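This one's a predicted model, so the numbers in the text were calculated from it and none came from an experiment. All chains are named by letter (A, B, ...) in the order of the sequence lines, taking the proteins before the strands, and each is independently numbered beginning at 1.
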Protein chains: 2
Amino acid sequence: MATLKEVADSAGVSMLTAFQALSQHDAVDEVTRRCVQEAADNLNYTLKITQIDIADLAGVAKGTVSYALNNSELIKPTTRQKVLEAAQILGYHLNISARNLRMNRTGVVGYSWHVADDPSRMNNLLDRFIYRVTMAAEERSFHLLTFVQPQKNADRVYESLISTSRVDGFIISDVTYNDPRIARLTAMRAPFAAFGGMYLENADFAYVDVDGKKGIRLVMDHLLEQGHERIGLLGWPSGWPFGDAREASYREAMRDAGIHIENGWIAHTPNILDSAAMAAQQIMNSKYPPTALVCANDLMAFGAKSYLDSVNLRIPDDVALTGYDDDPTAQFLGITSVHQPIDELAEALFEILLGDINQEPLPNRQIIFNPELVIRRSTR
Amino acid sequence: MATLKEVADSAGVSMLTAFQALSQHDAVDEVTRRCVQEAADNLNYTLKITQIDIADLAGVAKGTVSYALNNSELIKPTTRQKVLEAAQILGYHLNISARNLRMNRTGVVGYSWHVADDPSRMNNLLDRFIYRVTMAAEERSFHLLTFVQPQKNADRVYESLISTSRVDGFIISDVTYNDPRIARLTAMRAPFAAFGGMYLENADFAYVDVDGKKGIRLVMDHLLEQGHERIGLLGWPSGWPFGDAREASYREAMRDAGIHIENGWIAHTPNILDSAAMAAQQIMNSKYPPTALVCANDLMAFGAKSYLDSVNLRIPDDVALTGYDDDPTAQFLGITSVHQPIDELAEALFEILLGDINQEPLPNRQIIFNPELVIRRSTR
DNA sequence: TGATTTTTTTGAGACGTCTCAAAAATAGTG
DNA sequence: CACTATTTTTGAGACGTCTCAAAAAAATCA
């Protein structure tokens, strides 16, 4: 296809006039517009400003335009200025696809929605996490592509996205033991960084994490300090590193305090309000009902609280209650919880990923943050 | 750079051998591997399978490969088969950037996170909505790019994404009156489709919506039928089409029922649990306390319920309570709510957008869905 | 001044795909 | 069989960018 300059020459007008004519600018009279339009039609041209047009207008070579627009040190300031002005006048916008093809990178990282078909889709923590990751990415001129991963063969989707050059790397959450995605990406040498991993064995990939054991330990110490001895745990089914670490920490704390965990003090349920409420009931109906209930996260605590309220068990007088994640619900309901520094974590995670993408890996590719206990009226 | 065939020829081996050697395949002995590697180095070649390599291996022209891979009718089945096999052998993956450049499209649509810095970030409805949009997109070989929009000049971000060819179009939610994003995108003739718009005047853009007035009408009719006359409304600050429509519908229903709305029956608060609880208190302390409380959504209803529980007002005996959106919280708490067919809506929305992107607009670019009342124990 | 070094600009070429017009192969017809 | 009509394949070229080696311009030095 022709360039704007060729159209202008063919119509016998200046580039600027041609540009204005084709972009329906008022400054051009109808006759000229028609004439330019005809020239464009003859050359089969449709208006689309490229670096070549800028070069033509500024009177430099196209290579110069590229350098100038990318603030290369090579270019003389006055030349750069000239180019920038021409770009401004023509309303130039870089074509990302062309750059991507040339540079073999995309400026996009992928993130998959938390496990598909989670019925409640209530994970405020991850929502906030990915929101902050997006912000971190955009501050560094990257974008986030969100996709859905199937339950089976999720790793194929990852493979396809990276090998078609759709993304430069991935942010991964909900890491499991022997996660096939991690195996696949590692094998392909594809850049990725995970949220979670410190309690996986041999986790030699990039990750950030918040020490979940430490978080539960804060909760336990707090409760033990208050004199609680019968402490129950409302956790998730085992098999997920996050939940297993929390349960392990609970057990350790009980052992260290010399307290035997009675039958029925521990219940496992999926991350659903109803299930949590039922499990709470089960725990409270055990032979030695706990005086404190530690929940795997705030959603579970919310479910438990509803049950306790419904049977007029007072919080914290009859039963103390704790959650985890410090989400808005816990704040509102006054439930003691554990805060995780999601914002800093997201930022750090993206920095690590970016290092890997640019083949300049950061020295420290595994960062662990400390959780923080937030005491509210559910435990005092 | 060279092609795989050139490397193979230079090393004096078959393409397949060269391929296996360069991809560290076991089937190739060390000597051959070295030899091929050296040839590759001399030609400055790094392994990256393209359609040209497939063409070389299958013994056809590169154009044929492209047609075959895209299932063009032009190609003879046997030829297609040959090409597909070669692609399979070499582990070919399409390069998206190259296709995007050539076809001037990206297969990506943009969606901005709901208004930035919403403190609670609790909008389960939109979370589910965008999740389903992603699924709809992927079923049609599209992807979703999520980005953050600033409070000021959000339209610039949209402009930049579309004019740099980063995306082909947008999904928009949280539409406001005189939305600058819509003005901008319309002016640029950029494809977009919105969630919401039926109660905007002159909304001549593509959208899907759920009739919010009808939804509240369902709630009101249900309450009136039960004999309630003193009905309060817990709504959002005016200025947002969704909320305004709901309030207008409440007022209409009251007027139609011949009930005067007393002072203090209507409260407006931001979408935050605490605020909702406080507003509920305010309404219940008005001169003629309502016997039923209609809330703008389930989050507000949750806030209100907490207040009612805290002062031992029984639901529904003392006060009936309704929400909107039918989210998991309402389900759990037994709050009567209004269900919106998010899944179908997301699907329809994407279809419309796709039509616009492909320049084959659907005949019906504005679709309105019906809400559905879900009666629970908070109103019976 | 002329020669040399340094700075700045140039123009070609490659990235991998799709698509067009033209060429080649095949099938159909009298 | 020769000719035409149809199907299939070919190969070139364009999409818009970045970057390299080479050329030109400017600055420095003797």
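N70(B) comes within 4.0 angstrom of sugar-phosphate atoms only, judged by non-hydrogen atoms across all strands, and of no base. The residue L94(B) sits close only to the backbone: its heavy atoms come under 4.0 Å of sugar-phosphate atoms, none of a base.
Rounded to whole Å, the distance from CE on M103(A) to P on dG16(D) is 18 Å. For R99(A) and dA14(C), the CZ to C1' distance is 17 Å, given to the nearest whole Å. Across the protein-nucleic acid pair, Q51(A) atom CD and dA14(C) atom P stand 19 Å apart, rounded to whole Å. Atom CG of N71(B) is separated from atom C1' of dT8(D) by 16 Å (rounded to the nearest Å). Note: CG (N100(A)) to C1' (dT17(C)) measures 14 Å, nearest angstrom. When the C1' atom of dG16(C) is taken as reference, atom CG of N95(B) falls 6 Å away, rounded to whole Å. Atom CD1 in I49(B) sits about 10 Å away from atom P in dT17(C), given to the nearest Å. Nucleotide dA14(D) holds its P atom 15 Å from the OH atom of Y45(A), rounded to whole Å.
Put simply, the side chain of E138(A) gets close to the backbone of V148(B): a donor and an acceptor are under 3.5 Å apart. In terms of modelled atom types and a separation under 3.5 Å, the side chain of S23(B) and the main chain of F19(B) share a donor-acceptor contact.
Across dG16(D), dT19(D), dT17(C), the shortest atom-to-atom separation from the side chain of S66(A) is found for dT19(D).
Judged as a salt bridge (Lys or Arg N to Asp or Glu O under 4.0 Å), not a single pair has a partner in residues 56-74 of chain A (not counting sequence neighbours).
Residue R34(B) places its CZ atom among 12 or fewer non-hydrogen atoms of other residues, nucleotides or ligands, all under 6.0 Å distant.
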What pairs of nitrogen or oxygen atoms, one from the protein and one from nucleotides 8-10 of chain C, lie under 3.5 Å apart?
unit_1  : atom_1 : unit_2 : atom_2 : d
dT9(C)  : OP1    : T79(A) : OG1    : 2.1
dT9(C)  : OP2    : K76(A) : N      : 3.0
dT10(C) : OP2    : A61(A) : N      : 2.8
dT10(C) : OP2    : T64(A) : OG1    : 2.7

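At a threshold of 4.0 Å, the pair R365(A)-D356(A) counts as salt-bridged, since one of the basic side-chain nitrogens sits closer than that to a carboxylate oxygen.
In this structure, S112(A) and V157(A) have side chains that are not in contact, with every pair of non-hydrogen atoms separated by 4.5 Å or more.
For D204(B), there are no salt bridge (Lys or Arg N to Asp or Glu O under 4.0 Å) partners at least two apart in sequence or on another chain.
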